Amino acid sequence: MGLINTGPGITRPEYDRKTELIAFDQTKTGVKGLVDSGITQVPRIFHLPYPENINSDQTSGSKPTLPTIDLEGINEDSIKRNEVIEKLKNALENWGFFQVVNHGIPIDILEDVKKGILGFFEQDTDVKKQWYSRDVSGKSRVLYNSNFDLYSAPVTNWRDSFYCIMAPDPPQPHELPLPCRDIWPEYSNRMMKLGCCVFELISEALGLDPNHLFDMGCVEGLALLAHYYPSCPQPELTIGTPNHTDNDFITILLQDHVGGLQVFYENQWIDVPPIPGALVVNVGDLLQLITNDKFVSSQHKVLANKIGPRVSLASFFTTGIIPTMKVFEPIKELVSEDNPAKYRGTTVKEYGNYYREKGLDGTSALLHFRI
Ligand code: OGA
Ligand code: NI
């Protein structure tokens, strides 16, 4: 693969990576554009630098299964609610992840959301290109691009994405691409309701008042990030999304039937299997920070796949790039003399800026904020 070793852990490709990245960026058609052009080999900007194939799994035997939590009846039946809170507490302490069913968002809405994402990425190229941007100043409401960290990450990912901030300040209809214009606002409203319910349960699981996290502002912002993972001719050479943690409070993910999402648990990668109608909930770095490491923001990744496209929609509970002055720090009730605050306070924007500039390089942005 032609890597020059320049010191411990640092390798430098023998080619002019920057020029190839610029050329790729300028097509404005992302990874899908490459696949549509008929390539049969993965270009080298996408190659993983590691000598071993990190996609191959050598472990045998049965693996742990990610918990699934059923929200049916939790508002009517206090016994059920307490059982759910106990299960959720275990899931967030150990996995940082779980799947949720009977969450209240009807299946036909989930189907329409997936159709809208396919519709966006598979629309006429000239129309789609108009949305292509890397401007994170907040001027453009919708950002479509391939690899938000194209120029900072060590490996380009087999994935195109588009992003829109839906709350606290929802977009005007014309600001949303046509295939998502009706369904994204509908989905966001329902996602906000589900988010409120999940943050109530999380607050209770922390032994706090049900409104605690809501009152802190954890449900103020919602950003939707849609991903399109095209079919990959040589999936073992590259990655859809490399291992990372999320930079929000929680993420609620809708994935389609293809699969490939994995979470790192007890030193191994565990599949997050697609379950029709289910959503995946995971702890983000900011929830780990305010819970002083009680709940863990786990590493996860998406494998590249011959089967594709795969689509997913991540709902990030965060105010993202919107400037707010609110400082988040470990919750007073969760720290004590024996368990002092492990993090300094930060704003959502400061955290996000640091995370974005660093890119998905396999290290946690949280370390930068540790005391
Ligand atoms: C993310 C993410 C997983 C997926 O957007 O942070 O982890 O399945 N997405 O696309
Ligand atoms: Ni993620």
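In each ligand, atom 1 is the first atom listed, and ligand 1 is the first ligand listed. Computed from a predicted structure; not experimentally measured.
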Engineer: When you check the gap from the basic side-chain N to the acidic O, do R370 and D293 get nearer than 4.0 Å?
Structural biologist: yes
Engineer: Return each pair, listed once, that meets salt bridge (Lys or Arg N to Asp or Glu O under 4.0 Å) where at least one residue sits in residues 184-193; pairs must be two or more places apart or across chains.
Structural biologist: E186-R190
Engineer: Closer than 4.0 Å to some heavy atom of Y229 - which atoms of ligand 1 meet that?
Structural biologist: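 Numbered from 1, ligand 1 contributes 4 (C), 10 (O).
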Engineer: Do other residues, nucleotides or ligands put more than 12 heavy atoms under 6.0 Å from the CG atom of N211?
Structural biologist: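 Yes.
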Engineer: Of all the heavy atoms in K301, does at least one lie under 4.0 Å from an atom in ligand 1?
Structural biologist: no
Engineer: With atoms numbered from 1 as shown, which atoms in ligand 1 lie under 4.0 angstrom from a non-hydrogen atom of D246?
Structural biologist: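 The list of qualifying atoms is 6 (O).
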Engineer: Which heavy atom of the protein is the closest neighbour of atom 3 (C) of ligand 1, given with residue, atom name and distance?
Structural biologist: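 Result: V302 CG2, 3.7 Å.
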Engineer: What is the nearest protein non-hydrogen atom to atom 2 (C) of ligand 1, stated with its residue, atom name and distance?
Structural biologist: H244 NE2, 3.8 Å
Engineer: Under 6.0 Å between ring centres, would you say that holds for H300 and F264?
Structural biologist: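 No: the rings miss the under 6.0 Å criterion.
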Engineer: Would you name the N/O/S atom of D246 that lies closest to the Ni ion (ligand 2)?
Structural biologist: OD1
Engineer: Which of the atoms of ligand 1 are close to H300, meaning less than 4.0 Å from one of its heavy atoms?
Structural biologist: 7 (O)
Engineer: Could you state whether V263 and L225 fall into the same hydrophobic cluster, counting links through intermediate Ile, Leu, Val, Met, Phe, Trp or Tyr residues with side-chain heavy atoms under 4.5 angstrom apart?
Structural biologist: no
Engineer: Please state the angle at the Ni ion (ligand 2) spanned by NE2 of H244 and NE2 of H300: what is it, rounded to 10 degrees?
Structural biologist: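 That angle works out to 90° after rounding to 10°.
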Engineer: Counting neighbours of CD1 on I39 that are heavy atoms of other residues, nucleotides or ligands and sit closer than 6.0 Å, is the number greater than 12?
Structural biologist: yes
Engineer: Between E20 and R44, does any NZ, NE, NH1 or NH2 come within less than 4.0 Å of an OD or OE carboxylate oxygen?
Structural biologist: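 Yes, R44 and E20 are salt-bridged.
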Engineer: Just need the protein heavy atom nearest to atom 5 (O) of ligand 1, so name the residue and atom and give the distance.
Structural biologist: H227 NE2, 2.7 Å
Engineer: Only heavy atoms of L253, strictly under 4.0 Å: list the atoms of ligand 1 that pass.
Structural biologist: 3 (C), 4 (C), 8 (O), 9 (N)
Engineer: Side chain, backbone, both or neither: which part of R310 has a heavy atom under 4.0 Å from ligand 1?
Structural biologist: side chain
Engineer: Kindly determine whether Y144 and K129 satisfy side chain to side chain contact (heavy atoms under 4.5 Å, CB included), including the steps that lead there.
Structural biologist: CA-CA 8 Å; Y144 150 60; K129 272 184 185 173; 5.9 Å; no
Engineer: Does I105 share a hydrophobic cluster with V281, counting links as ILVMFWY side-chain heavy atoms below 4.5 Å and allowing steps through other members?
Structural biologist: yes
Engineer: N/O to N/O below 3.5 Å, does that happen between T241 and ligand 1?
Structural biologist: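 Checking ligand 1 against T241, no N or O pair falls under 3.5 Å apart.
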Engineer: Just which atoms of ligand 1 are under 4.0 Å from any heavy atom in A314?
Structural biologist: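 Answer, ordered by atom number: 5 (O).
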Engineer: At under 4.0 Å between heavy atoms, is it the side chain or the backbone of F316 that contacts ligand 1, or both, or neither?
Structural biologist: side chain
